[in-house]
Asker: 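I have a structure I would like to understand better, so I am pasting it below and will then ask my questions one at a time.
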Amino acid sequence: MNYVKSIELKGEYDVIVTGSGSAGSTAAIAAARAGAKTLLIERLPFLGGISTAVLDTFYGYYTPGKKSNKIVGGIADVVVQELKSYNACFERPNTFGAGTGITYHPEYLKIVWENLVLKAGCDILLNAWVQDVMKNGDYIDSLVVATKSGLALYKAKQYVDTTGDADIVYLAGYDFELAGEQEPAQTLTTTFKMVNVDAVSRKALSKEAFHQLMTDAAESGKYNLPRKEGSDHITPVTGMTATIMTRLKSYDVLNGKTVNATNPELLSSAEIRGRQQALEYIRFLQDCVPGYERAQLSTFGVQIGIRETRRIYGEYRLTEADVLAARQFEDQVGLCGAPMEDHHDGADTKWGYLPDGKTVGIPYRTLIPKNTQNMLVAGRCFSASHVAHSSVRSMAQCMAMGEAAGTAAALCVAGDISPVMLDAAMLRQQLLRHGAIIDEP
């Protein structure tokens with residue numbers, strides 16, 4: 001017998017944020033701090049998304065080049081301050097000249113995100129997947145969320161999609177670009193950490209010598225190493241290193257249709273193949289690299305690292321020309337000085353740098369999906385071309401976008417207006433009041 005089970009309304013909010021990564025947690029903090037009754041929904045059993053499940057370094061706080069300018073503030077600063085209170089982070093230069101990074105202990109960052117979100121007055125729902133979107137025209141009415149108790153409805157006046165994959169945009173039927181359809185999508189990376197590493201011996205080997213060892217090992221035929229210029233770095237834990245080495249193609253054409261890491265079959269296969277590929281890099285490190293003679297695998301990333309899947313079509317679309325020209329905008333809500341970093345399918349990575357010490361502005365309009373009434377996005381699904389996105393997707397910029405989107409959502413609730421109607425000058429004033437950096441010095 002077929003039947004339809006009614007779905008119970010479990011909560012009504014001013015703002016619902018979906019996805020708790022560096023953009024989502026920041027958006028939830030900003031919205032709740034501004035007085036909006038806010039719910040943060042996360043599919044994992046902890047907050048942080050990529051920042052705690054995959055990576056351990058924030059990039060984008062500083063510009064690369066001759067002078068290191070700090071260009072991100074606000075909530076992003078509070079996050080670092082809290083990590084410092086646990087002695088759980090330090091600054092270090094990027095291997096490829098992308099500017100100073102802030103390497104942290106992901107387990108402590110989980111606690112930091114939770115404490116800051118709860119302190120702001122935001123509710124948290126973990127282990128929850130958004131399954132569908134209930135709409136009334138272009139207006140989102142509620143979300144259908146899968147929980148351990150079954151399906152439940154959660155309703156809000158404004159929604160912020162910080163899933164990284166634009167899941168809410170997709171489920172709601174709004175327009176987006178699927179990575180791989182127009183230009184080759186960036187690759188996937190399974191991260192892993194090693195312990196019992198002799199840091200002194202490893203540090204004595206230069207980047208160039210390390211990459212040469214990797215190339216020689218691959219060309220010997222004894223190791224299957226698709227990427228020849230991967231990196232490793234020290235962590236807050238003595239004798240532990242973290243890596244960005246593996247490389248898996250993130251899109252394919254199945255039955256004449258382009259799919260990427262939002263495709264469940266492709267993603268499942270990539271997760272499995274990524275761990276298998278990581279074992280090859282581990283074997284290479286142990287056999288060939290000074291300092292790794294006694295090293296052992298500690299952990300894989302909780303999930304594979306995804307750089308791009310869906311990107312919205314917003315009220316403005318950031319372009320490669322904008323980034324290269326270091327363009328500034330009247331409605332910008334953040335800055336980015338990071339280089340364009342294209343992890344394409346191949347042995348190397350393509351880099352494109354802004355003029356020394358300069359930044360590109362992040363327009364508020366890139367956070368507003370076209371033809372929507374009550375939603376915003378923040379993070380790597382914002383409105384940008386493939387190449388521009390490869391610069392502005394750094395986690396510090398995701399935090400800046402998140403603070404802007406969460407603040408905007410709260411202001412829209414207070415004014416009973418849609419995001420596209422919000423005065424960007426009012427939003428900018430609110431961000432500046434809380435220490436955000438939104439204009440070039």
Side-chain angles (χ1 to χ4, degrees), residues 14-15 17 23-24 26-36 38 60 71-76 138-140 157-162 166 169 174-175 311-319 321-323 325-337 358-385 388-389 391-392 396-441:
D14 293 326
V15 176
V17 180
T26 310
I29 294 165
R33 181 184 62 188
T38 305
I71 55 170
V72 174
I75 293 172
D138 290 330
Y139 187 88
I140 295 178
K157 297 173 184 176
Q158 294 288 334
Y159 297 85
V160 185
D161 185 342
T162 50
V169 169
Y174 299 130
D175 290 337
R311 300 190 305 280
I312 70 161
Y313 286 109
E315 292 295 323
Y316 184 81
R317 193 163 175 81
L318 198 70
T319 67
D322 291 334
V323 176
R327 185 177 174 189
Q328 304 295 294
F329 302 85
E330 288 187 1
D331 67 332
Q332 67 193 38
V333 291
L335 298 170
C336 178
K358 301 296 287 182
T359 64
V360 62
I362 305 172
Y364 168 59
R365 290 165 292 162
T366 62
L367 310 183
I368 308 172
K370 277 187 172 295
N371 303 314
T372 61
Q373 296 298 316
N374 64 331
M375 85 167 303
L376 292 142
V377 306
R380 63 179 172 84
C381 56
F382 83 115
S383 181
S385 70
H389 169 270
S391 168
V392 189
Q397 278 63 51
C398 288
M399 283 188 265
M401 286 188 266
E403 183 166 0
T407 303
L411 290 172
C412 288
V413 170
D416 193 23
I417 56 174
S418 65
V420 75
M421 297 299 294
L422 179 64
D423 182 2
M426 179 190 299
L427 172 60
R428 282 166 50 84
Q429 289 173 4
Q430 185 87 326
L431 293 172
L432 288 170
R433 195 174 299 122
H434 287 284
I437 301 173
I438 58 178
D439 293 311
E440 282 193 325

Asker: Please list all pairs meeting side chain to side chain donor-acceptor pair (under 3.5 Å) that have one or both residues in residues 421-431, counting only residues at least two apart or in different chains.
Answerer: R428-D439, Q430-R433

Asker: Among residues two or more places apart or on two chains, list those pairs meeting salt bridge (Lys or Arg N to Asp or Glu O under 4.0 Å) that have a residue in residues 367-380.
Answerer: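 Counting only pairs at least two positions apart or across chains, the salt bridge (Lys or Arg N to Asp or Glu O under 4.0 Å) contacts touching residues 367-380 are D165-R380.
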
Asker: Locate the shortest heavy-atom distance separating L367 from I312; write the atom from each residue and the value.
Answerer: C-CD1, 4.4 Å

Asker: Scan side-chain atoms only and decide if D161 and Y174 contain a donor-acceptor pair under the 3.5 Å cut-off.
Answerer: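 No donor-acceptor contact under 3.5 Å links the two side chains.
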
Asker: Please step through side-chain contact (heavy atoms from CB on, under 4.5 Å) for the pair D331 and Y316, ending with a clear verdict.
Answerer: CA-CA 11 Å; D331 67 332; Y316 184 81; over 6 Å; no

Asker: Has the side chain of Q397 got a donor or acceptor atom that lies under 3.5 Å from a matching backbone atom of G60?
Answerer: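 Side chain of Q397 to backbone of G60, a donor-acceptor pair under 3.5 Å: yes, one is there.
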
Asker: Compare every heavy atom of A405 with every heavy atom of L376, then report the nearest pair and how far apart it is.
Answerer: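 Distance-wise, the nearest heavy atoms are CD1-O, 3.5 Å.
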
Asker: Taking side-chain contact (heavy atoms from CB on, under 4.5 Å) as the test, write out the residues that go with A384, two or more places apart.
Answerer: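 Residues passing side-chain contact (heavy atoms from CB on, under 4.5 Å) with A384: L318, F382, A388, H389.
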
Asker: In Å, rounded to the nearest 0.5 Å, how long is the span from CG of L432 to CD1 of I437?
Answerer: 10.0 Å

Asker: In sequence, state the C-alpha distance, the side-chain angles, and the governing distance for E403 and I29, and then conclude on side-chain contact (heavy atoms from CB on, under 4.5 Å).
Answerer: CA-CA 8 Å; E403 183 166 0; I29 294 165; over 6 Å; no

Asker: Does any non-hydrogen side-chain atom of D416 lie less than 4.5 Å from one of K157?
Answerer: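 No - every pair of side-chain heavy atoms lies 4.5 Å or more apart.
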
Asker: Please find the pair of heavy atoms, one from N371 and one from D138, that lie closest to each other, and give the distance.
Answerer: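 Closest pair (atom of N371, atom of D138, distance): O-CG, 3.3 Å.
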
Asker: Taking all non-hydrogen atoms of both residues into account, name the closest pair between A409 and V15 and its distance.
Answerer: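 Result for this residue pair: CB-CG2, 3.9 Å.
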
Asker: For the side chain of R365 and the backbone of V420, is there at least one donor-acceptor N/O pair under 3.5 Å apart?
Answerer: no

Asker: If you apply the rule side-chain contact (heavy atoms from CB on, under 4.5 Å), what do you find for R33 with I75, and how did you get there?
Answerer: CA-CA 11 Å; R33 181 184 62 188; I75 293 172; 3.5 Å; yes

Asker: Supply the atom-to-atom distance D322 CG to S385 OG, rounded to the nearest 0.5 angstrom.
Answerer: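 Atom-to-atom, D322:CG and S385:OG are 8.0 Å apart.
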
Asker: With a 3.5 Å distance limit and no angle check, can you tell me whether T26 reaches the backbone of G402 through a side-chain donor-acceptor pair?
Answerer: no

Asker: Nearest heavy-atom pair of M375 and P419: which atoms, and what distance?
Answerer: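 Looking at all heavy atoms of both residues, the shortest contact is O-CG, 3.8 Å.
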
Asker: Test T162 against M401 for side-chain contact (heavy atoms from CB on, under 4.5 Å), laying out the working first.
Answerer: CA-CA 10 Å; T162 50; M401 286 188 266; over 6 Å; no

Asker: Out of R327, E440, Q332, which one pairs with T359 under the side-chain hydrogen bond (donor to acceptor under 3.5 Å, both in side chains) rule?
Answerer: E440

Asker: So which heavy atom on L427 is nearest to which on L411, and how close?
Answerer: CA-CD1, 4.0 Å

Asker: Less than 4.5 Å apart, side chain to side chain, heavy atoms only: is that true for C412 and N374?
Answerer: no

Asker: Give, for atom OG1 of T372 and atom OH of Y159, the distance between the pair rounded to the nearest 0.5 Å.
Answerer: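 Here the rounded value is 13.0 Å.
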
